[in-house]
Amino acid sequence: MLAPDAPPRDHPTVQNLTVLGSALIATLFLLALTMLVGTAAFHFLVWRRTSLPSGPVRAAADEQVTALVLTCGRWSSLALLLLAGPRAVGVASLLDDRFTLPSRLATLLLRSGWGIGLFATLAAAVISYVGYLGVAKKQPWGWPLNLIGIGLVGLGAGLQGHPADAFSQLTFAPLFDGIHALSTGGWLGAFVLLVLAERRLPAHTSSPWTDPLGGMLERYFSVSEALAAAVVLTGLFSAATHLTGFDDIQRTQYGRLLAGKVGIFLILMALNEFHRRHAERKARTSERPQLVRSLRFEAGLIGLILALTALLLDADPPGVNEVKAEVFRVAPRGAVEFNDVVP
């Protein structure tokens, strides 16, 4: 509830620290989300379909990869649960500070699609965690629960979208945002899992066709193009929704951040294409160490893209009404009306 003697707006330094703190939390939240989706995508789309001959090499690799999948799945689920609260507070702190933080938080969670999306993401994290516990105990319901959790992740990400859309009317944007989140998690998250798996699996360059890394790369790049295409198409839709014209790219912070993200994304796509053409061969030859360094560099670019995405989520898009204005229209009961607030 807004106090009668509402405090003046925060000092610019405090506002900058608030934005940076919110961006840091958003980066960790996006990383957890990407890893949760990527873990399931790696299991179903990459490892289960990796062509390796049966024998001790395959059995040992199965044991190591299963342990990695369980670890990443459980920790990413727990991270989502732990970061959901700070993420909500971070978004609410960016709303109009003429309302108290509890009022802004209540409005965001209880009277917007963003809040429904956050609750769907929380449900996905709980269901996924239980699912991975079932997988660890070799229960038949473990992986089906995880798939339900991934579906809820898409629903939650779609409803959350950009915080500036939190109080806007429902459109097709949540559908595209949900597909964008799942395709991004499947494409980038699975790649990070692949890089992590390489650290656990020994090289078999003396017997190339039994080398797990070569087999994983072959399978990953057979599906990565479709996932990347989905990321590009849904990303273009989001950019068209939030930009009013090409001038916004130069004149607004959102546009400049978007341009930087697109630039790094193009570098990532170029690296991805290079690896698609040469990685499988290099993984099975003496060039493997150079390949591993290149794969890790690409994984670092993925982290940078997630950080820029977090900054985009906290920047005001020029093509959407700001949440700071919209929040007054759905203010919690007991708060003063918009017209009663002295600018």
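Residues: numbered from 1 along the sequence shown.
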Main-chain N/O of [Y] paired with [X] side-chain donor or acceptor, under 3.5 Å:
X    : Y    : answer
R219 : L45  : yes
S93  : G90  : yes
R256 : Q250 : yes
T71  : A67  : yes

With a 4.5 Å limit on heavy-atom distance, are the side chains of [X] and [Y] in contact?
X    : Y    : value
T107 : S112 : no
F42  : M216 : yes
T50  : P212 : no
L213 : L194 : yes
F29  : L80  : yes
L258 : I249 : no
L193 : W47  : no

Side chains of T121 and Q160, donor plus acceptor under 3.5 Å: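 There is such a pair between these side chains.
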
R58, CZ: over 12 other non-hydrogen atoms inside 6.0 angstrom: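 Atom CZ in R58 is packed in, count exceeds 12.
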
Neighbour count above 12 (heavy atom, 6.0 Å) for R251 CZ: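 Counting neighbours around CZ of R251, 12 or fewer heavy atoms of other residues, nucleotides or ligands fall under 6.0 Å, so no.
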
Y132 ring center within less than 6.0 Å of W143 ring center: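 Yes; Y132 has its ring centre under 6.0 Å from that of W143.
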
Distance-minimising heavy-atom pair for [X] and [Y]:
X    : Y    : value
A190 : Y220 : CB-CE1, 4.1 Å
A88  : L108 : O-CD2, 3.8 Å
A61  : L201 : CA-CD2, 3.7 Å
V130 : L145 : CG1-CD1, 3.9 Å
A32  : A79  : CB-CB, 3.8 Å

Derivation and outcome, side chain to side chain contact (heavy atoms under 4.5 Å, CB included), residues R200 and V65: CA-CA 8 Å; R200 288 175 171 243; V65 170; over 6 Å; no

Evaluation steps, side chain to side chain contact (heavy atoms under 4.5 Å, CB included), between W114 and L109: CA-CA 7 Å; W114 194 95; L109 293 179; 4.2 Å; yes

F191 and H275 aromatic ring geometry - parallel, tilted or perpendicular at 30°/60° bounds: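 Rings of H275 and F191: parallel, under 30°.
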
Geometric class of the W187/F265 ring pair [parallel <30°, tilted 30-60°, perpendicular >60°]: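 Aromatic pair F265/W187 classed perpendicular.
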
Taking atom [atom1] of [X] and atom [atom2] of [Y], what is their separation to the nearest 0.5 Å?
X    : Y    : atom1 : atom2 : value
M269 : E298 : CE    : CD    : 10.0 Å
L295 : N272 : CG    : CG    : 10.0 Å
T34  : L188 : OG1   : CG    : 7.0 Å
L159 : L175 : CG    : CG    : 11.0 Å
L122 : S77  : CG    : OG    : 11.5 Å
L110 : I116 : CG    : CD1   : 10.0 Å

Verdict with supporting geometry, R276 and E225, side chain to side chain contact (heavy atoms under 4.5 Å, CB included): CA-CA 10 Å; R276 187 185 69 82; E225 288 183 333; 3.2 Å; yes

Linked, directly or transitively: L82 and L152 (ILVMFWY side chains, under 4.5 Å):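 The answer is no; the residues belong to distinct hydrophobic clusters.
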
CA sep, side-chain torsions, deciding dist, call: R87, S22, side chain to side chain contact (heavy atoms under 4.5 Å, CB included): CA-CA 7 Å; R87 175 60 182 150; S22 177; 3.7 Å; yes

